[in-house]
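What you see below is based on every heavy atom in this structure, not just the backbone, and it leaves out hydrogens, waters and symmetry mates. Remember, predicted model here, so these are calculated numbers, not experimental data. A note on names: the letters A, B, ... follow the listed sequences, proteins ahead of strands, and every chain is numbered from 1.
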There are 2 protein chains.
Amino acid sequence: MSEPRPDASPEPSDEARLFTLFNEIGIIQQLSGTAFERVLPHGLTQAQFTVLNHCVRLGDNKTPAQLASAFQVTRGTLTSTLQRLEAKGFIEIVPDAKDGRSKRVLLTASGHAAAAACIAAAAPILTRAREALSRDEVERLLPLLTKLRVWLDENRSL
Amino acid sequence: MSEPRPDASPEPSDEARLFTLFNEIGIIQQLSGTAFERVLPHGLTQAQFTVLNHCVRLGDNKTPAQLASAFQVTRGTLTSTLQRLEAKGFIEIVPDAKDGRSKRVLLTASGHAAAAACIAAAAPILTRAREALSRDEVERLLPLLTKLRVWLDENRSL
DNA sequence: CCCATATAGTATGACACCAAACTATTGAAG
DNA sequence: CTTCAATAGTTTGGTGTCATACTATATGGG
């Protein structure tokens with residue numbers, strides 16, 4: 001939950017502007033996330049799609065720990081997402097041959113198809129979202145967001 | 001959950017860039033949100049702080065429905081957040097005199113103090129976060145994010 | 001070889017969130 | 001005045017997320 005237009009004091013401090021920035025990001029994430037989820041097939045969620053999409057684009061046969069690290073979530077969070085995906089038949093989780101502690105996540109044919117269906121379902125709303133920002137605005141926004149994301153990632157301890 | 005650097009195809013479509021943008025926003029929200037929550041006093045959460053902060057800045061005596069609309073969450077979500085805040089003694093929820101269906105949310109003295117404590121607790125990490133982006137970068141980022149947020153808000157149906 | 005430490009995965013409990021269903025009250029149309 | 005649709009708030013069930021604690025397996029140093 002975040003707050004809109006944290007308003008206009010006469011001359012907001014740098015910290016206040018940053019706070020506003022995080023508020024805006026919170027709302028954007030919430031609105032875009034639920035809009036996206038509403039169109040996904042098979043009752044898939046954003047989290048579940050992210051796993052499928054990762055496997056499609058970057059290959060499967062990763063360990064849960066690798067995936068958790070890639071998505072910046074805890075291993076516990078990923079455990080439950082993987083369990084739901086396995087229940088839907090979209091992935092298979094097998095023991096790692098080399099390391100008795102590890103497992104490997106494999107995309108099934110059905111999971112591959114589901115990922116494609118998600119992308120197809122999302123295309124119309126992404127196209128529609130191009131009304132929101134021009135191509136140029138997106139290109140101005142992205143490097144700054146990436147910079148912020150990288151900083152946060154590197155300063156996770158605080 | 002979101003994915004980092006959705007990678008580099010030779011020439012990504014506008015839609016793909018937008019998708020990347022939403023991914024970055026998702027990660028930023030997740031990392032900044034948990035960092036913020038870790039420093040909040042009284043076991044307060046981001047959602048709970050947002051309510052207190054709203055009351056401090058924009059006045060209390062709002063209805064839950066008004067707050068839910070301001071924060072872009074469902075009434076059901078707000079119900080539970082308000083219940084937790086009331087249990088902590090930071091707000092009081094009273095019936096509305098005019099409308100038998102409505103209630104009014106009032107900030108207690110203790111709630112006022114808690115909001116101030118949150119802001120004090122957050123100040124160091126906001127100061128630290130100024131390393132992430134220059135003042136100028138924040139000012140370039142904010143209008144674009146606001147534009148995107150407003151568009152999403154106005155196109156909630158899809 | 002044994003033990004201390006690190007790592008992988010899991011389980012639990014708490015919170016936020018949504019969607020959908022439900023109750024109670026209001027208000028307007030007939 | 002009655003009825004019906006809209007609104008306020010709540011409840012339930014499912015998901016994601018974290019923090020914490022737990023088990024099992026590796027690995028490295030005596």
Side-chain angles (χ1 to χ4, degrees), chain A residues 1-3 26-27 29-40 42-51 62-88 91 93-105 156-157, chain B residues 1-3 26-27 29-40 42-51 62-88 91 93-105 156-157:
Chain A
M1 188 165 69
S2 284
E3 238 216 286
I27 295 192
Q29 156 64 13
Q30 187 177 343
L31 292 177
S32 66
T34 63
F36 181 49
E37 232 162 62
R38 277 207 306 273
V39 305
L40 290 185
H42 307 294
L44 282 164
T45 63
Q46 236 188 324
Q48 291 164 25
F49 166 71
T50 303
V51 173
K62 304 286 199 306
T63 68
Q66 286 173 331
L67 295 175
S69 160
F71 306 146
Q72 321 281 32
V73 296
T74 62
R75 297 189 308 277
T77 294
L78 201 75
T79 294
S80 77
T81 298
L82 291 180
Q83 286 170 346
R84 293 179 218 287
L85 279 172
E86 192 177 33
K88 289 179 179 171
I91 61 169
I93 304 177
V94 301
D96 185 307
K98 306 286 181 57
D99 189 332
R101 297 167 299 182
S102 290
K103 299 186 172 180
R104 292 286 168 171
V105 177
R156 263 207 270 172
S157 41
Chain B
M1 186 165 69
S2 284
E3 237 217 286
I27 296 192
Q29 156 65 15
Q30 186 176 343
L31 293 177
S32 65
T34 63
F36 180 49
E37 231 161 65
R38 277 205 307 271
V39 304
L40 290 186
H42 307 294
L44 281 165
T45 63
Q46 236 188 325
Q48 291 165 25
F49 166 71
T50 303
V51 173
K62 303 286 200 304
T63 68
Q66 285 173 332
L67 295 174
S69 161
F71 306 145
Q72 320 281 30
V73 297
T74 63
R75 298 189 308 275
T77 294
L78 201 73
T79 293
S80 77
T81 298
L82 292 180
Q83 285 169 347
R84 293 180 218 286
L85 280 172
E86 192 177 32
K88 289 178 178 172
I91 60 170
I93 303 176
V94 300
D96 185 307
K98 306 287 180 60
D99 189 333
R101 296 167 299 183
S102 290
K103 299 186 172 180
R104 293 285 168 171
V105 177
R156 259 201 279 167
S157 43

Winner on side-chain proximity to R84(A), out of dG9(D), dC18(C), dT15(D), is dT15(D)
Hey, is the side chain of R75(B) poking within less than 4.0 Å of OP1 or OP2 on dT11(D), counting only N and O atoms? no
Measuring from the side chain of Q48(A) (C-beta onward, heavy atoms only), which nucleotide among dA6(D), dT15(D), dA19(C) has the closest atom? dT15(D)
Which nucleotide in dA16(C), dT17(D), dG9(D) has an atom nearest any side-chain atom of K103(B): dG9(D)
Looking only at dT25(C), dG9(C), dC15(C), the nucleotide nearest the T63(A) side chain is dG9(C)
So if I take every side-chain heavy atom of Q30(A) and compare against dT26(C), dA19(C), dC18(C), which nucleotide ends up nearest? dC18(C)
Whole angstrom value for the distance that separates P of dT12(D) from CD of Q83(B): 11 Å
Between T77(B) and dA16(C), does any side-chain N or O lie under 4.0 Å from OP1 or OP2? no
Does a side-chain N or O from T74(A) land closer than 4.0 Å to OP1 or OP2 of dC18(D), or not? yes
Which of the following nucleotides, dG9(C), dT10(D), dC15(C), is nearest to the side chain of T45(B)? dC15(C)
With respect to the phosphate group of dC18(C), does any side-chain polar atom (N or O) of T34(A) fall under 4.0 Å of OP1 or OP2? no
Quick check on DNA chain D: between K98(A) and I93(B), whose nearest nucleotide comes earlier from the 5' end? I93(B)
Taking CG from D96(A) and P from dA24(D), how many angstroms apart are they, rounded to a whole number? 19 Å
Can you identify which nucleotide, out of dA6(D), dA16(C), dT17(D), has its nearest atom closest to the V73(A) side chain? dT17(D)
If you pin K88(A) and D99(A) to their nearest nucleotides in DNA chain D, which one's is more 5'? K88(A)
Between dA6(C), dA8(D), dG9(C), which nucleotide has the shortest distance from any of its atoms to the side chain of R101(A)? dA6(C)
How long is the line joining CG of L44(A) and P of dT15(D), in whole Å? 11 Å
Side chain of S102(B) (C-beta onward), nearest among dA24(C), dT17(D), dG9(D): dG9(D)
